[in-house]
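Predicted model, so just to flag it, every value in this text is computed and none were measured. Letters A, B, ... mirror the listed sequences (proteins, then strands); counts begin at 1.
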There are 2 protein chains.
Amino acid sequence: MFGPHRWHGKFRGCGCRLTLPRETVLNILNRTDKHLSVDEVFAVVNRSYPGIGIATIYRTLDLLSRMGLVSKFEFGDGKSRYELAESKKGHHHHLVCNGCGRIIDYSDFINKEVKFVSELEKELAEKHKFKINSHQIHFYGICKECTNK
Amino acid sequence: MFGPHRWHGKFRGCGCRLTLPRETVLNILNRTDKHLSVDEVFAVVNRSYPGIGIATIYRTLDLLSRMGLVSKFEFGDGKSRYELAESKKGHHHHLVCNGCGRIIDYSDFINKEVKFVSELEKELAEKHKFKINSHQIHFYGICKECTNK
DNA sequence: CTCCTTTTGATAATCTTTATCATTCTGATA
DNA sequence: TATCAGAATGATAAAGATTATCAAAAGGAG
């Protein structure tokens, strides 16, 4: 379903190679359920492969993002964050706490949302002649823990 | 409806002062229909008030954002962008072109959206005990102009 | 007018990301 | 297998955006 098999396919025919650093980054994103920043990915990579430099992590995440394998997010803390586009978590959106910065994934009511969003996408695409590839929905507010302080 | 009247009220009782730089920034955001970056706001301020420094613009936009008067966005070009929270443009969301970076505001189908979002907010708030203040919906893709290239 | 807090300007410092470039790696081809 | 061209990498410099610092200025309460 997910994993290496899928990735090899995507790399074939795009002129890119599925190298060790790239596969390592994909595996790390595949294992975690968090939204990792570049330095977080680098830290994990570094444990297994100290030879891989951080510039490669930047380039890899950018490539994977442009290939559509990885989604890039900016939650407002000044650093980009990444997660696998088709992850075990499934389709979801985000609650962002303005108090502590915590990110909560939610996939409740997601069927209703998917239905709504896909209709909206169709209408927008038509009206604005805009070819939609992806979307992000973020809710900002105060999480349970921050409320209790 | 919009404008200074509203702003004075918000500043009263929060321990903050509505100073010349702050009012200037608010006026600039009130006049434009674009999503201005810090240096763009600074450039406009600088024309009328060359004495106001860019650090003040950073601090002001951050303050206004925390006060809820201004919305902060990150569209992926590395700089934060700001617009008045309650602007002449009314409630809207964004189409972001991955080709040229263009941002298109849309407020089509917005009634349907508002209804959907407010229901969703209520359900999410309840289920996750999360106090929602605002939301952002971004669609990413390729705009008309980039398609024609 | 005086005191205390807020705000500001200039600038240094930090942090993230991108650019550069010589070297290494890879796969295709002969 | 040896060769070659393009792709990828690591180290590091450079660029850009944002935050921190701190002394000076401004504003409001008494």
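Here D:dT9 presents its C1' atom at 15 Å from CG of A:L18, a figure rounded to the nearest Å. We find that CG of B:L20 is positioned 17 Å from P of D:dA25, with the value rounded to whole Å. Summarising the geometry, the separation between NZ on B:K79 and P on C:dT18 is reported as 13 Å, rounded to the nearest angstrom. Note: NE2 (B:H8) to P (D:dG27) measures 13 Å, nearest angstrom. Rounded to whole Å, atom C1' of C:dT16 lies 14 Å from atom CZ of A:F42. One can place CG of B:D77 at 15 Å from C1' of D:dA15, the figure rounded to the nearest angstrom. When rounded to the nearest whole Å, the span between OH of B:Y82 and P of D:dA17 equals 12 Å. Following rounding to the nearest Å, B:I52 (CD1) and C:dA10 (P) show an atom-to-atom distance of 11 Å.
A salt bridge is defined here as a Lys NZ or Arg NE, NH1 or NH2 lying under 4.0 Å from an Asp or Glu carboxylate O, and A:E119 with A:K115 meets this definition. Electrostatic pairing of B:E83 and B:K89 counts as a salt bridge here, judged by a charged N lying under 4.0 Å from a carboxylate O. A salt bridge between B:R6 and B:E86 is present, with a side-chain N of the basic residue lying under 4.0 Å from a carboxylate O of the acidic one.
Side-chain atoms of B:C16 and B:R22, non-hydrogen and from C-beta on, do get closer than 4.5 Å to each other.
When heavy atoms are screened at a 4.0 angstrom cut-off, B:S80 is found touching the sugar-phosphate backbone but no base atom. At a threshold of 4.0 angstrom between heavy atoms, the contacts of A:I54 with the nucleic acid are absent.
At distances below 3.5 Å, at least one donor-acceptor pair connects side-chain atoms of A:K88 with backbone N or O atoms of A:N30. Using a distance-only test at 3.5 Å, with no hydrogens or angles considered, no donor-acceptor pair links the side chain of A:D62 to the main chain of A:Y58.
Listed nucleotides: D:dG10, C:dT17, C:dG9. Nearest to the side chain of A:V38: C:dT17. Of all nucleotides listed (D:dT9, C:dT17, D:dG10), D:dT9 comes nearest to the side chain of A:P21. Set against C:dG27, C:dT6, D:dT9, the side chain of B:R17 has C:dT6 as its closest nucleotide.
In terms of phosphate contacts, A:T19 brings a side-chain nitrogen or oxygen within less than 4.0 Å of OP1 or OP2 of D:dT9. Taking side-chain N and O atoms only, B:T56 has a distance below 4.0 Å to OP1 or OP2 of C:dG9.
Note on the helix from C:dC1-D:dG30 to C:dA30-D:dT1: angle between the axes of the first and last five pairs equals 30°, rounded to 10 degrees.
Side-chain contact check for A:Y106 and B:E123: no donor-acceptor pair (N or O, by modelled atom type) lies under 3.5 Å. B:H138 and A:Q136 share no side-chain donor-acceptor pair at under 3.5 Å.
DNA chain C is contacted by A:Y58, A:R59 of residues 57-76 of chain A, taking any non-hydrogen atom closer than 4.0 Å.
Tested against A:Y82, the residues A:L61, A:L64, A:V41, A:T60 include a single side chain to side chain contact (heavy atoms under 4.5 Å, CB included) partner, A:L61.
Across every non-hydrogen atom of A:F42 and A:I54, the tightest pair is CE1-N, 3.5 Å.
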